[in-house]
Amino acid sequence: MALAFTARADTVTLDNGDRLTGTIVKSDGKVLTLKTDAASATEPGPGTITLKWPSIRQITSSGPLYVVTPQGMTVGGAVTTEGTDLMVAPTTGAPQRIPLAGAPTIRSQSEETAYEQSLHPGVLQSWQINTSLGFGLAEGNSHTTNLAIGFDATRATLHDKVTAYMNSIYASSGLVVAPGVTAGVTANDIRGGAMYQHDVFERAFLYGSGDFEHNALQFLNLRSIWGGGAGYHVIKEMDTTLDLFVGGNYTRETYSTGIRRNVGALTIGDLFRHQFGKNTTLNEALDVYPEVSHLGDYRVALDISLATKIKAWLGWQSTLSDRYISDPIPNTVSNDFIFSTGFNFTFNH
């Protein structure tokens, strides 16, 4: 049985002469992932080790691997090594010679299938959804109720990305502020929106967005912001992304006092994401709107969330959401700030 297993196993030979057997899972040109029963307990997964690509001298596969050539073409077949080149033998056609030093991308059959599916996912696929919920209640000498809800969702494909968010806070107080009069509702703010990005080049993208807000204590029935423009992927790594974008927007505001405002403005902003280790993720979005229809006036929108996993589906999330208006309507203030913290629930599809 041991001889039969060895015959079917892939083999990786290192520069120091060590030979490792197992199943090649993938390589991104920097590290190669090998599934083997002899894995180190310190490696990322049970039965899995990672090898730095420059330390690899030879690869021999017992089954088909999918290798991406320097020209971007994918060739599938059994892989051997001749000198300093990988030789890929497809089921039909001549073998392909690929320089080992070129650090090619390699995928197993299962990885290739998953990769091809990721290129054209269904509308309901590839979503990552996070929701948070915080609730507080006090009775007795105090009579207060607080409810905070947060939501964000991301769907990223090879050339497209959709992000959506929602933050809401509601608070009421039974505090007596005058004979027979209580404070009542002390906060009632709902904010949400979505953004769609489409890559037109490797780093450049076009986008369209819509953002909405209702704030009862600001007498704001609805603020809708429709925008579009272009951006650039400044950082595009597995654990860190940073997008900068510029464009224009049209804003319409309706207030319960009867005021209506229509504003044209520029949009300058960023989207930032960073993962700390395996369990904590920081997301930040900033939009600055210098108004062109009322020069000198501007608005700022800032959203930050920090989520830490407790389990695969459960975590703790803190969310900060701030909105600033340089020209608020009479009897209201310029800045509205929401901070909420509570349990986080994660769903992947």
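Just so you know, residue 1 is the first one in the sequence shown, and it goes up from there. Keep in mind that the numbers below use all heavy atoms, side chains included, and drop hydrogens, waters and symmetry copies. This is a predicted model, so every value here is computed, not measured.
T157 contributes a side-chain N or O that, together with a main-chain N or O of D160, makes up a donor-acceptor pair within less than 3.5 Å. Without hydrogens or angle criteria, T186 side chain to A171 main chain gives a donor-acceptor distance under 3.5 Å. A donor-acceptor contact shorter than 3.5 Å links the side chain of T69 to the backbone of M73. Without hydrogens or angle criteria, E112 side chain to Y115 main chain gives no donor-acceptor distance under 3.5 Å. At distances below 3.5 Å, at least one donor-acceptor pair connects side-chain atoms of N16 with backbone N or O atoms of D18. No side-chain donor-acceptor contact under 3.5 Å links T332 to the backbone of P328. T240 places no side-chain N or O within 3.5 Å of a backbone atom of E237 that could act as its donor or acceptor partner. Without hydrogens or angle criteria, R203 side chain to H233 main chain gives a donor-acceptor distance under 3.5 Å.
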I'd like to know whether Y165 forms a side-chain contact (heavy atoms from CB on, under 4.5 Å) with F151, so could you lay out the CA-CA distance, the side-chain angles of the two residues, the decisive distance to 0.1 Å, and finally the verdict. CA-CA 5 Å; Y165 74 95; F151 164 88; 5.6 Å; no

Going through the distances and angles, do M166 and I149 end up as a side-chain contact (heavy atoms from CB on, under 4.5 Å)? CA-CA 8 Å; M166 189 276 290; I149 300 173; 3.8 Å; yes

Report the C-alpha separation of D322 and N335 in whole Å, then their side-chain angles, then the decisive distance to 0.1 Å, and conclude whether the side-chain contact (heavy atoms from CB on, under 4.5 Å) test is met. CA-CA 7 Å; D322 190 62; N335 201 70; 2.8 Å; yes

How far apart are the C-alpha atoms of I59 and T11, what are their side-chain angles, what is the distance that settles it, and do they pass the side-chain contact (heavy atoms from CB on, under 4.5 Å) test? CA-CA 6 Å; I59 291 176; T11 303; over 6 Å; no

Give the C-alpha distance, both sets of side-chain angles, the deciding distance and a yes or no for side-chain hydrogen bond (donor to acceptor under 3.5 Å, both in side chains) between S256 and N221. CA-CA 6 Å; S256 58; N221 288 334; 4.6 Å; no

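Put simply, OH on Y66 and CD on E111 are 12.5 Å apart, with the number rounded to the nearest 0.5 Å. L266 CG to N249 CG: the interatomic distance, rounded to the nearest 0.5 Å, is 8.0 Å. The NZ atom of K52 sits 14.0 Å away from atom OG of S27, with the distance rounded to the nearest 0.5 Å. To the nearest 0.5 Å, atom CG of residue L147 and atom OG of residue S172 are 10.0 Å apart. Interatomic distance, D10 CG to K35 NZ, rounded to the nearest 0.5 Å: 11.5 Å. Residue S173 holds its OG atom at 9.0 Å from CG of N146, rounded to the nearest 0.5 Å.
Shown here for F245 and D270, the closest heavy-atom pair between the two residues is CE2-N, 3.5 Å. In this structure, G150 and N167 approach most closely via the heavy-atom pair CA-OD1, 3.9 Å. The minimum heavy-atom distance between T341 and S318, with the atom names listed, is OG1-OG, 3.0 Å. A148 approaches S340 most closely through the heavy-atom pair CB-CB, 3.4 Å.
The other members of the hydrophobic cluster of F276, by chain and number, are Y232, V234, I235, L242, L244, F272, L282, L286, V288, Y298, V300, L302, I304, L306, L320, Y324, F337, F339 (side-chain heavy atoms under 4.5 Å, ILVMFWY only).
Connection of I329 to F212 is not established within any shared hydrophobic cluster, with ILVMFWY side chains joined at heavy-atom distances below 4.5 Å, either directly or through further cluster members. Linking Ile, Leu, Val, Met, Phe, Trp and Tyr whenever their side-chain heavy atoms come within less than 4.5 Å leaves I225 and L222 in two separate clusters. The hydrophobic clustering, which links ILVMFWY residues whose side-chain heavy atoms are closer than 4.5 Å, places I325 and L220 apart. W316 and I169 are members of different hydrophobic clusters when ILVMFWY side chains are connected at heavy-atom separations under 4.5 Å. Following chains of ILVMFWY side-chain contacts shorter than 4.5 Å, one can reach W53 starting from I49, so the two form part of one hydrophobic cluster.
When each of V67, V68, V79 is checked for a side-chain contact (heavy atoms from CB on, under 4.5 Å) with I106, only V67 meets the rule. When the options R191, R323, Q218 are evaluated for a side chain to side chain donor-acceptor pair (under 3.5 Å) with D336, the one that passes is Q218.
The closest side-chain heavy-atom distance from S305 to Q317 is below 4.5 Å. In this structure, the side chains of T251 and R261 stay at 4.5 Å or more apart for every pair of heavy atoms. Put simply, the side chain of R299 reaches to within 4.5 Å of the side chain of E291, judged on heavy atoms. The closest side-chain heavy-atom distance from Q197 to M195 is below 4.5 Å. Inter-residue side-chain proximity for L14 and L51 is flagged as met; some heavy-atom pair is nearer than 4.5 Å. The shortest side-chain heavy-atom distance between V200 and F205 does not fall under the 4.5 Å cut-off. A 4.5 Å side-chain heavy-atom check between Y289 and D211 finds at least one atom pair inside the cut-off. Counting only heavy atoms from C-beta outward, the side chains of T281 and R273 approach each other to under 4.5 Å.
For NE2 of H198, the number of neighbouring non-hydrogen atoms (other residues, nucleotides, ligands) closer than 6.0 Å is greater than 12. Heavy-atom neighbours of F343 CZ from other residues, nucleotides or ligands within 6.0 Å: at or below the threshold of 12.
The pair D28-R107 does not meet the salt-bridge criterion, since no charged nitrogen lies less than 4.0 angstrom from a carboxylate oxygen.
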Determine all donor-acceptor pairs shorter than 3.5 Å in which one atom belongs to a side chain in residues 84-105; sequence neighbours excluded.
residue: D85; atom: OD2; partner: R97; partner atom: NH1; Å: 3.1
residue: R97; atom: NH2; partner: E82; partner atom: OE1; Å: 3.2

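Defined by atom type and a distance below 3.5 Å, a donor-acceptor pair is present between the side-chain atoms of N344 and T346. Side chains of H274 and N283: a donor-acceptor N/O pair is absent below 3.5 angstrom, by distance only.
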